[in-house]
Asker: 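Mind having a look at this structure? Questions to follow.
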Amino acid sequence: MSKVYALVDCNSFFVSCERLFRPELINTPVGVLSNNDGCFISLSRELKSLGVPMGTPYFKVRTICKKNKVTVFSSNFALYSNLSNRVMKTLAQFTPRMEIYSIDEAFLDLTGFKDIHCYAKFIKKKVEKDTGIPVSIGVSTSKTLAKLANNMAKKTKRTNGVVVLLDQQSQDVALHNTPIGKVWGVGRALDVDMQLMGLYTAKDLRDYKNSAHIKKKYTKVGLQIKEELQGHERFTLEQTVKPKKSIMCSRSFGSSVYRLEDLRKAVANYMSSAFETLRKQNSTCGEIGVFIRTSRHKKGHIYRGSNHIKLLSPTSDSRKAVGYGFEILNRIYKKGYEYKKAGVYLGKLQQEGNKQLSLFENYDNERSLKLMKTIDVINHREGKGAIKLAACGIDNKSWAMNRNFLSPRYVSGWSQLLKVK
DNA sequence: TCTGGGGTCCTAGGACCC
DNA sequence: TCTGGGGTCCTAGGACCC
């Protein structure tokens, strides 16, 4: 018997989170900006219909926003991840088999349930009632088809946010009406290429006879997409959260940075943050990288520097890591450039306990591990950065990001809890 | 003036070995 | 000047996702 998957996706998730605490903003244009108040990364329907697409730099549409009284927020991920957890907890009530796919999406295995359409409507209602976050649901026999159904649910109003594609006929119609570029896994490059091959819709790809050709041209993944469109499960449900294989932390600066010492502080901070993530999943890392760069958009006087170190023995000690980070920074820093972004990269991650002994370097000793854990606990309790390494600096940060439209931390942080009157 | 951040997977090709 | 064949491992880069 074939599977039945539902994809539940929160509508304009970040915007919905902000609206939750500002209900007067419902039915008005609202947008959430990326880090540094750069681009829109979440837009309400009303804002989209003003002609502002996803990813638009804020400064380009500032006038439009003012004129139309758009409410703009800086991103507030502490809030979003908290609300995400609530949504996921609610969803978990409906099936024992579920995959949290991203901050605002989850796949639910509904195989064996009766009257799926009704059940999906019930799920939608319950989530909205319990969390206040509106969702759309798409159901079909593979993840790719569920995703496609979900897109329809979001796009077409008369579906009331739920689309079920289980019979051949409804699938035929849906796939025929879906441009190839809208298929999950078909990005810009494949979109262009497939159209050149005469594959314009999802249905064209599904029904294309020469599978070997698809595989040759679009790799194993391309073929999997085609088979998923036929309703065969190729992407399975991942119920367990796998530890990350690499960790990054990078930021654009709020203003330009020129001096090595400021870059060092940025790197120390990013490294600390990346290592906190590393320790949270009980990993050690065997490779550390750092990059710095000038503006991506400015012409002339461009520089991108990056380098990495392979560690003889893996570590989870932030202090060691910051030292290595500085070493790399010394190699790549060039004076005279206007730096706009820096980042760190952790690779060759291993689960603690799986490490292979090296003859050449000492492992983190018990004491340093304990110290790190203690810092993590305190920072978790008191807020990020309550305790940090001296290298991170305490002065006013030229490199810190802009967050001019930040909402209060409604759900985390004691000082900013909502007051009940 | 002002343009995000963080991941995964796949493949081709080089290095190296016998 | 001629110059095998096959395997593995690693890396960089490209593609995709949210």
Side-chain angles (χ1 to χ4, degrees), chain A residues 7-10 12-14 31-43 52-63 65 72-77 80-81 84 99-107 143-144 147 150-151 180-194 215-225 228 234-235 238 241-256 266 270 273-274 277-278 281 286-287 289 291 293-299 306-308 310 338 340-349 401-405:
Chain A
L7 175 62
V8 183
D9 189 322
C10 302
S12 307
F13 181 55
F14 301 161
V32 173
L33 298 174
S34 63
N35 272 338
N36 229 8
D37 295 339
C39 313
F40 280 105
I41 52 170
S42 179
L43 303 91
V52 178
M54 187 70 149
T56 311
Y58 178 50
F59 75 89
K60 283 192 178 170
V61 289
R62 191 169 286 156
T63 338
C65 289
V72 175
F73 291 94
S74 302
S75 46
N76 183 349
F77 281 95
Y80 310 149
S81 59
S84 171
E99 172 187 344
I100 296 173
Y101 180 70
S102 75
I103 193 164
D104 70 335
E105 284 170 87
F107 287 101
K143 282 180 165 182
T144 305
K147 190 89 185 170
N150 187 286
N151 285 341
I180 190 71
K182 297 282 178 200
V183 173
W184 193 37
V186 178
R188 255 215 314 246
L190 264 59
D191 185 15
V192 171
D193 206 288
M194 286 183 168
K215 184 171 179 187
K216 180 139 197 268
K217 214 155 173 215
Y218 304 114
T219 76
K220 183 179 140 188
V221 180
L223 183 59
Q224 285 176 325
I225 293 170
E228 281 255 319
R234 291 294 176 268
F235 306 133
E238 307 278 351
V241 182
K242 293 195 183 135
K244 288 179 179 48
K245 297 176 176 174
S246 67
I247 294 171
M248 278 194 64
C249 181
S250 69
R251 294 279 180 281
S252 298
F253 303 136
S255 46
S256 301
Y270 303 161
S273 163
T277 311
L278 181 77
Q281 65 166 32
E287 182 184 329
F291 73 87
R293 62 180 303 169
T294 53
S295 171
R296 205 154 48 104
H297 306 280
K298 238 181 205 164
K299 299 252 187 299
S306 75
N307 212 319
H308 59 95
K310 284 181 185 135
E338 182 181 351
K340 269 303 206 180
K341 185 172 181 175
V344 305
Y345 169 88
L346 315 185
K348 303 231 183 313
L349 268 45
M401 61 182 176
N402 297 322
R403 292 176 97 185
N404 292 323
F405 315 101

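Every chain is numbered from 1, with letters handed out A, B, ... down the list of sequences. When reading the values below, keep in mind they use all heavy atoms of this one structure, side chains included, and skip hydrogens, waters and symmetry mates.
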Asker: Taking the P atom of each, how far is B:dT3 from C:dC18, in whole Å?
Answerer: 25 Å
Asker: Whether A:K217 contacts B:dT11 is assessed here as follows: a side-chain N or O lying under 4.0 Å from the phosphate OP1 or OP2. Is that the case?
Answerer: no
Asker: Looking only at heavy atoms, what is the nearest atom pair of A:M401 and A:S252, with distance?
Answerer: CB-O, 4.2 Å
Asker: Which base, if any, makes a Watson-Crick or G-U wobble pair with B:dC18, both distances under 3.5 Å?
Answerer: C:dG5
Asker: Identify whether any heavy atom of A:K310 sits under 4.0 Å from a base atom; if not, whether one sits that close to sugar-phosphate; answer base, sugar-phosphate or nothing.
Answerer: sugar-phosphate
Asker: Decide yes or no for A:L349 and A:Q281: does some side-chain heavy atom of the first lie under 4.5 Å from some side-chain heavy atom of the second?
Answerer: yes
Asker: Whole Å only: how far is the CG atom of A:D193 from the C1' atom of C:dC16?
Answerer: 14 Å
Asker: Regarding A:I103, tell me which of base, sugar-phosphate or nothing describes its non-hydrogen contacts under 4.0 Å with the strands shown.
Answerer: nothing
Asker: Please work out which of the three classes, parallel, tilted or perpendicular, describes the rings of A:F14 and A:Y80, given edges at 30° and 60°.
Answerer: parallel
Asker: Is the phosphate of C:dC16 approached by A:K147 (side-chain N or O, under 4.0 Å from OP1 or OP2)?
Answerer: no
Asker: For A:F405 and A:Y58, I'd like to know if the aromatic rings sit close, meaning centre-to-centre distance below 6.0 Å.
Answerer: yes
Asker: For atom NZ of A:K216, decide whether the heavy atoms of other residues, nucleotides or ligands shown that lie under 6.0 angstrom number more than 12.
Answerer: no
Asker: Spell out protein contact along nucleotides 1-10 of chain B as letters: B when the base is contacted, S when just the sugar-phosphate is, - when no protein heavy atom is under 4.0 Å; keep the 5' to 3' order.
Answerer: BBBBSSSSSS
Asker: Please tell me if the side chains of A:Y345 and A:E287 come closer than 4.5 Å, counting only heavy atoms from C-beta onward.
Answerer: yes
